[in-house]
2 protein chains.
Amino acid sequence: MTQIETLPIGELSRQTGCKVQTIRYYEQIGLMPEPARTTGNQRRYDPRHRERLAFIRHSRELGFTLEAIRELLGLTDDPDCSCEMVDDIARTQLLQVNQRIARLSALRTELVRMLEQCRGGRIADCRVIEVLADHTPASCLSQDHEAPIEAGGRHAG
Amino acid sequence: MTQIETLPIGELSRQTGCKVQTIRYYEQIGLMPEPARTTGNQRRYDPRHRERLAFIRHSRELGFTLEAIRELLGLTDDPDCSCEMVDDIARTQLLQVNQRIARLSALRTELVRMLEQCRGGRIADCRVIEVLADHTPASCLSQDHEAPIEAGGRHAG
DNA sequence: CTAGTAGCTCCAGTAACTGGAGGTTCAAGA
DNA sequence: TCTTGAACCTCCAGTTACTGGAGCTACTAG
Ligand SMILES: [Zn+2]
Ligand SMILES: [Zn+2]
Ligand SMILES: [Zn+2]
Ligand SMILES: [Zn+2]
């Protein structure tokens, strides 16, 4: 009898580049199905788990939310169905990416202008501080950053 | 005796475009100083609070983290000091914005290509699904989205 | 005096993980 | 067989920058 290929969680982690904790987290929220367990209660995955996790990771890398990914995974359960909804989700994602780029470009413009105006002196005279203190046409020409944007984030290693 | 201008929190909120809860939150984490209170324990702000909050908001809109803003506010306490550190914080922020734009542009490229290849048929044949499932040069030419990016986020009204 | 709006505190939840404590299991070598 | 050390387990708390709600109190106009 040939034995089917099974992976412990650390091996799956290595093969997909997804952290062990994250894999467990995906299971907890129902994105990954519960794998088989050894008698000692350790998870053992098969190649289909690996493919599903690769799908999830690649989608995340493309900026899809876990909710969108959940939907995409749901849709793939029905391979004969039209792919309209899949493409819709992807188009929505593209739209959001475009919006985020536009927003960030506006920020860049303002940051650059701010920095250009500073001649390096005392804080009391610093244009950076002045501009930050005053978002009106007098100081800041950009009108399109009304709402905050997620900054940096993820203290990732 | 002339009375100095004081604002209840709702008025400050209206004037700065910052939600009431957010103002209280900034106080809680020590970004905004505790204002005076009425005998009935309600907050009353003065114009300096408004300026400080405007500074915080504009900085947030430019993508600075609250930690960076805390530092900037700390620096302004010493107006005779050189503005080097201020400009450093701003330059770091600009760098991050540039990186985020670069990352998002790569995502856009991949999303666009993915969508172009789909001819609209069954899910089983959908290129979008295929590409999502397979981030290797066979499917996905982009090599620069190794780490996830914050997606959308903030269910803001 | 009363009604309605605005304020108060405290707590929980969001997205998508990450890290740690404290304990158990596995696999390999002696 | 025993031992050692890495890998695994569960549970919980923390991250960022807020947001929303429950349940209560204060202020103000009529
Ligand atoms: Zn300067
Ligand atoms: Zn501005
Ligand atoms: Zn398609
Ligand atoms: Zn890819």
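Contact check, B/T65 against D/dT16: no side-chain N or O comes under 4.0 Å of OP1 or OP2. The side chain of A/R37 places an N or O atom within less than 4.0 Å of a non-bridging phosphate oxygen (OP1 or OP2) of D/dT10. Residue B/T39 places no side-chain N or O under 4.0 Å from the OP1 or OP2 atom of D/dA26. For B/R43 and D/dA26, the shortest distance from a side-chain N or O to OP1 or OP2 is not below 4.0 Å. Taking 4.0 angstrom as the limit, B/R60 places none of its side-chain polar atoms (N or O) nearer than this to OP1 or OP2 of D/dT16. When the side-chain nitrogen and oxygen atoms of B/R24 are compared with OP1 and OP2 of D/dA17, none of them lie within a distance under 4.0 Å. B/T38 has a side-chain polar atom (N or O) that falls below the 4.0 Å cut-off from OP1 or OP2 of D/dC27. The side chain of A/Y26 places no N or O atom within less than 4.0 Å of a non-bridging phosphate oxygen (OP1 or OP2) of C/dA16. Put simply, B/K19 has no side-chain N or O that comes within less than 4.0 Å of OP1 or OP2 on D/dA17.
At a threshold of 4.0 Å, the pair A/E67-A/R70 counts as salt-bridged, since one of the basic side-chain nitrogens sits closer than that to a carboxylate oxygen.
Nucleotides of DNA chain C nearest to B/G40 and A/R44 differ in position, and the one nearer the 5' end is that of B/G40. Along DNA chain D, the nucleotide closest to B/E67 and the one closest to A/V20 are compared, and the more 5′ of them pairs with A/V20.
At whole-Å resolution of the value, CD in B/E27 and C1' in C/dT9 are 12 Å apart. The distance from atom OH of A/Y25 to atom P of D/dC11 is 17 Å, rounded to the nearest whole Å. At whole-Å resolution of the value, CD in A/Q21 and C1' in C/dA16 are 13 Å apart. Atoms CG (B/L7) and C1' (C/dG7) sit 15 Å apart, rounded to a whole Å. In this structure, B/L12 places its CG atom 15 Å from P of C/dA6, rounding to the nearest Å. To the nearest angstrom, C1' of C/dC17 lies 12 Å from CG of A/L31. Note: CG (B/L53) to P (D/dC18) measures 11 Å, nearest angstrom. Summarising the geometry, the separation between CD on B/E34 and C1' on C/dC8 is reported as 14 Å, rounded to the nearest angstrom.
Nucleic acid contact for A/I9: sugar-phosphate only, since backbone atoms but no base atoms lie under 4.0 Å from a heavy atom of the residue.
Annotation for A/V128 and B/A90: closest pair CG1-CB, 4.1 Å, computed over non-hydrogen atoms. When all heavy atoms are compared, the tightest approach of B/L94 to A/L111 is CA-CD1, 3.8 Å.
In the set D/dC9, C/dC8, D/dC18, the nucleotide with an atom closest to the side chain of A/Q42 is D/dC9.
A donor-acceptor pair is defined here as one N or O able to donate and one able to accept, closer than 3.5 Å; no such pair exists between the side chain of B/E110 and the backbone of A/L62.
A/V112 and A/I101 fall within a single hydrophobic cluster, where Ile, Leu, Val, Met, Phe, Trp and Tyr are joined by side-chain heavy atoms under 4.5 Å apart, directly or via other members.
Using modelled atom types, one finds no donor on one side chain facing an acceptor on the other under 3.5 Å when comparing A/Y45 with A/R52.
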